[in-house]
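Labels below follow one simple rule: chain letters A, B, ... track the order of the sequence lines, proteins then strands, and each chain is numbered from 1.
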2 protein chains.
Amino acid sequence: MSDTPARLLKLLSLLQTPREWPGGELAERLDVSPRTIRRDIDRLRDLGYPVEASRGSVGGYRLVAGAAMPPLLLDDEEAVAIAVGLRAGAGHAIEGVEEASVRALAKLEQVLPSRLRRRVSALQNATVPLTRGDGSTIDPRTLTTLASAATGRERLRFAYRSGDGTRSKRQVEPYRLVSTGQRWYLVAYDVGREDWRTFRVDRVGEPYATGARFTPRPLPVEGPGSDASGGTGSDAGSGDAAAFLARSMRRMQPELRLDVRFDAPAEFVTARLPAHLGTPEPDGEGGCRLRASCADSLEWVALRLALVDCAFSVQGPPQLVAYLEGLGARLTRAAAGAGREPRQGAGPEQG
Amino acid sequence: MSDTPARLLKLLSLLQTPREWPGGELAERLDVSPRTIRRDIDRLRDLGYPVEASRGSVGGYRLVAGAAMPPLLLDDEEAVAIAVGLRAGAGHAIEGVEEASVRALAKLEQVLPSRLRRRVSALQNATVPLTRGDGSTIDPRTLTTLASAATGRERLRFAYRSGDGTRSKRQVEPYRLVSTGQRWYLVAYDVGREDWRTFRVDRVGEPYATGARFTPRPLPVEGPGSDASGGTGSDAGSGDAAAFLARSMRRMQPELRLDVRFDAPAEFVTARLPAHLGTPEPDGEGGCRLRASCADSLEWVALRLALVDCAFSVQGPPQLVAYLEGLGARLTRAAAGAGREPRQGAGPEQG
DNA sequence: ACCATCAGGTCATGATCTGACCTAATGGCC
DNA sequence: GGCCATTAGGTCAGATCATGACCTGATGGT
């Protein structure tokens with residue numbers, strides 16, 4: 001409790017509170033002399049954590065932004081908040097940081113005390129997921145298990161339910177998690193099939209790491225047997241995995257072939273659409289047209305389109321048209337009920 | 001670089017990677033003898049960080065969940081992912097952890113290196129906010145500035161735009177941030193007005209901490225002048241602030257008086273609605289009715305209602321009815337355009 | 001002008017850390 | 001069952017380091 005490293009950690013934790021700490025107060029809190037505090041501050045600075053000091057009678061120390069991230073010392077509630085936030089984000093993650101987000105979540109959940117874990121899952125259950133209905137909501141626990149196994153180079157076993165409904169048990173050497181828009185895929189070497197495969201994470205059931213470690217094989221670049229000439233050893237493989245996924249997706253049937261016309265300029269629409277849906281082409285004066293393929297759920301696509309906040313018109317696919325029709329009718333009926341008792345099946349009516 | 005505390009931090013950071021580390025490898029990485037590694041592991045355990053060891057030929061060390069949160073050592077991408085996730089969540093935060101979420105964000109942004117900060121704001125801009133249109137989107141920077149000032153007991157100056165449009169400059173002693181559903185409020189002592197006020201955060205402009213520290217005053221409990229008999233000194237004031245906000249809200253006009261009937265059982269609807277919107281009462285067979293007041297934005301409420309995924313009917317307020325009408329018409333038109341070239345103003349038509 | 005704060009030097013003492021030995025126990029693999 | 005790699009921990013000598021007590025200076029707000 002009273003040795004130097006512990007004190008340094010405590011000091012770091014105190015300094016992370018966004019306020020100024022006079023040296024005397026720190027000395028009192030940590031039960032050492034002010035001189036030692038000054039020395040500790042020096043040490044932190046040597047370690048690369050920039051402690052800023054303001055002199056004068058209301059001066060004090062404060063940790064500011066530096067070149068590297070200092071260790072984050074979170075209290076219970078903050079840890080829970082981050083875990084909940086990341087889990088909520090895991091489904092429809094912010095583009096560009098999906099993988100990192102899952103890595104961070106895995107890191108956090110690895111060390112999250114069990115009482116906090118209970119609070120997290122309780123809050124998680126109380127939260128209404130934004131996308132639902134097509135049954136492909138992703139279990140964050142599955143995601144973190146896969147992510148841990150991939151970075152920890154541990155073999156995985158899981159049950160897989162493929163697109164046509166057949167079930168199988170797999171044992172794989174996980175390579176990397178990749179997300180496209182709303183969906184997650186695992187690129188892995190299937191030990192049983194003796195080949196590389198991509199798995200949709202929402203079709204993975206009950207994954208667990210066997211504990212057996214493996215040395216990662218090089219991901220085939222194009223054809224089998226081409227040279228994956230010595231990588232830097234660090235993780236330059238994320239792009240590879242994404243490319244591999246893209247190639248294997250090309251062979252699969254994309255689930256939705258979008259064709260939408262917007263009554264708004266292309267840049268307006270682009271700014272309001274997720275990037276992986278593609279970019280619309282100008283079409284006519286003041287309009288644009290989006291043709292793209294995606295594997296996202298119907299509800300989610302419909303929601304994104306509605307949020308673009310301009311008139312639009314869907315050419316295809318038919319399921320999307322049908323869904324929008326249904327949703328539009330439901331909303332119109334909801335609005336039409338105003339002023340009198342609601343009744344099912346009341347037709348639309350306008351004032 | 002090579003002294004003990006730094007090595008311990010590095011060790012912690014290595015152990016947080018979700019994989020097993022043999023002692024020898026750690027010794028090599030940290031450039032000390034294996035014996036020292038064992039001693040360091042012991043030290044970490046003494047500090048309360050439970051390091052689990054598996055013996056045997058494929059054994060190794062791994063940090064597991066313990067009683068307290070260990071310092072989180074994030075790499076750049078993970079830090080960015082968390083920051084982006086929390087900022088995205090700041091607008092429509094998960095219920096129950098809003099304040100903690102903002103505290104965590106403030107803590108993180110305080111030490112986030114500037115190059116990462118740029119990446120965060122770039123990603124933030126690329127993201128389409130889920131709610132827009134009523135101009136009340138919240139700037140996460142404002143939120144974290146206020147949170148930092150509140151926990152750091154620093155005075156704040158900002159420009160305020162009140163409900164009727166009048167602008168004023170305020171200097172306050174911030175007490176606490178409170179969120180209700182989608183909106184954020186600051187409970188603070190207004191130095192100029194010499195009284196307690198609540199401010200809507202989205203109406204706060206250009207806040208900055210003056211640097212002047214203050215000693216927090218007790219928040220009046222009911223009437224002015226009642227005794228707030230010595231609190232525990234710690235932060236038991238979160239509930240107080242919420243209660244204070246609720247009292248001062250009661251005097252204000254709530255913005256939306258919802259009255260919605262759902263064609264689904266009350267428990268079905270409750271599970272799919274955010275809690276702060278209130279709970280619906282059973283109404284007729286298999287239906288229920290929700291009467292509640294809220295200060296959320298129109299678009300957001302409409303979205304939540306649509307996501308309940310059952311037929312419903314809105315009695316009021318009129319703005320909501322009008323908005324749903326417009327949205328429903330837009331979606332119906334979007335669906336009706338299928339199969340032929342879209343044309344503006346084409347009336348709805350069904351097959 | 002005064003005071004509180006940060007910044008840093010020096011010194012003696014005592015604690016602590018490290019590496020090099022050693023032995024014991026455990027679990028997986030052949 | 002035997003072998004091997006791993007964790008676990010004891011002991012010892014020497015070097016290193018941390019601490020508190022003193023000091024002087026600089027800075028900035030009141």
Side-chain angles (χ1 to χ4, degrees), chain A residues 1-12 14-15 19-47 49-64 152-155 209-215, chain B residues 1-12 14-15 19-47 49-64 152-155 209-215:
Chain A
M1 175 65 94
S2 75
D3 57 338
T4 318
R7 176 158 38 80
L8 274 186
L9 280 178
K10 258 190 182 167
L11 182 57
L12 213 51
L14 287 178
L15 287 178
R19 57 165 287 198
E20 294 221 317
W21 293 90
E25 196 173 344
L26 291 174
E28 200 177 332
R29 286 278 272 251
L30 300 177
D31 211 40
V32 288
S33 74
R35 183 65 183 95
T36 300
I37 290 293
R38 280 203 291 279
R39 270 194 277 249
D40 284 352
I41 298 278
D42 264 4
R43 226 178 321 217
L44 288 183
R45 286 175 179 157
D46 278 353
L47 287 180
Y49 306 131
V51 180
E52 199 181 59
S54 46
R55 333 179 70 140
S57 24
V58 292
Y61 296 101
R62 156 195 303 253
L63 190 60
V64 300
R153 294 138 160 64
E154 282 187 81
R155 280 201 180 170
T210 64
R213 264 179 280 169
F214 65 92
T215 55
Chain B
M1 174 64 92
S2 74
D3 57 337
T4 318
R7 178 158 38 81
L8 275 185
L9 281 178
K10 260 191 182 166
L11 183 56
L12 256 179
L14 287 179
L15 288 179
R19 57 164 286 197
E20 294 222 316
W21 294 91
E25 196 173 344
L26 291 173
E28 200 177 331
R29 289 276 274 249
L30 299 177
D31 211 40
V32 287
S33 75
R35 183 66 184 92
T36 301
I37 291 294
R38 281 203 291 280
R39 271 193 277 250
D40 284 352
I41 299 278
D42 263 3
R43 223 176 327 217
L44 287 183
R45 287 176 179 155
D46 278 353
L47 287 179
Y49 306 130
V51 180
E52 197 182 61
S54 47
R55 331 177 74 139
S57 27
V58 291
Y61 297 100
R62 155 194 304 252
L63 190 60
V64 299
R153 295 138 158 60
E154 283 186 83
R155 279 200 180 171
T210 64
R213 263 179 281 170
F214 65 91
T215 54

Does C:dC17 have its OP1 or OP2 closer than 4.0 Å to a side-chain nitrogen or oxygen of B:Arg38?
no
Members of residues 28-37 of chain B that approach DNA chain D, where some heavy atom sits under 4.0 Å away
B:Arg35
Rounded to the nearest angstrom, tell me the gap between atom CG in A:Leu26 and atom P in C:dT5.
12 Å
To the nearest angstrom, how far is B:Glu52 atom CD from C:dT26 atom P?
17 Å
Which atom pair, heavy atoms only, marks the closest approach of B:Pro50 to B:Leu63?
O-CD1, 3.5 Å
Scan the side chains in residues 33-40 of chain B for donor-acceptor partners under 3.5 Å anywhere in the protein, sequence neighbours excluded, and list what turns up.
{"from": "B:Ser33", "atom 1": "OG", "to": "B:Thr36", "atom 2": "N", "distance (Å)": "3.3"}
{"from": "B:Ser33", "atom 1": "OG", "to": "B:Thr36", "atom 2": "OG1", "distance (Å)": "3.2"}
{"from": "B:Asp40", "atom 1": "OD1", "to": "B:Arg7", "atom 2": "NH1", "distance (Å)": "3.1"}
{"from": "B:Asp40", "atom 1": "OD1", "to": "B:Arg43", "atom 2": "NH2", "distance (Å)": "2.6"}
{"from": "B:Asp40", "atom 1": "OD2", "to": "B:Arg7", "atom 2": "NH1", "distance (Å)": "2.1"}

Which atom names give the shortest non-hydrogen contact between A:Glu52 and A:Arg45, and what distance separates them?
C-NH2, 4.4 Å
As a test of reading the structure: which of D:dT6, C:dA7, C:dT5 is closest to the side chain of A:Pro22, going by heavy atoms?
C:dT5
Quick one: does B:Leu9's side chain get under 4.5 Å of A:Leu9's, heavy atoms only?
yes
What is the separation between atom CG on A:Asp40 and atom P on D:dC17, rounded to the nearest whole Å?
15 Å
Qualifying salt bridge (charged side-chain N to carboxylate O under 4.0 Å, His left out) pairs with a residue from residues 25-34 of chain A, counting only residues at least two apart or across chains
A:Arg19-A:Glu25
Nearest-Å distance, OH (B:Tyr61) to P (C:dT26)?
15 Å
Within the side chain of A:Trp21, is there an N or O that forms a donor-acceptor pair under 3.5 Å with the backbone of A:Leu14?
yes
Tell me: CG of A:Leu8 to P of D:dC17, nearest whole Å?
15 Å
Between C:dT5 atom P and A:Trp21 atom CH2, what is the distance in whole Å?
14 Å
Rounded to whole angstrom units, what separation is found between the CG atom of A:Asp46 and the P atom of D:dA18?
11 Å
Suppose we call a contact any N or O donor and acceptor under 3.5 Å apart; does that hold for the side chain of A:Arg39 and the base of C:dG8?
no
Sub-4.5 Å side-chain heavy-atom contact between B:Leu30 and B:Lys10:
yes
How many whole angstroms separate atom CZ of A:Arg43 from atom P of D:dT16?
17 Å
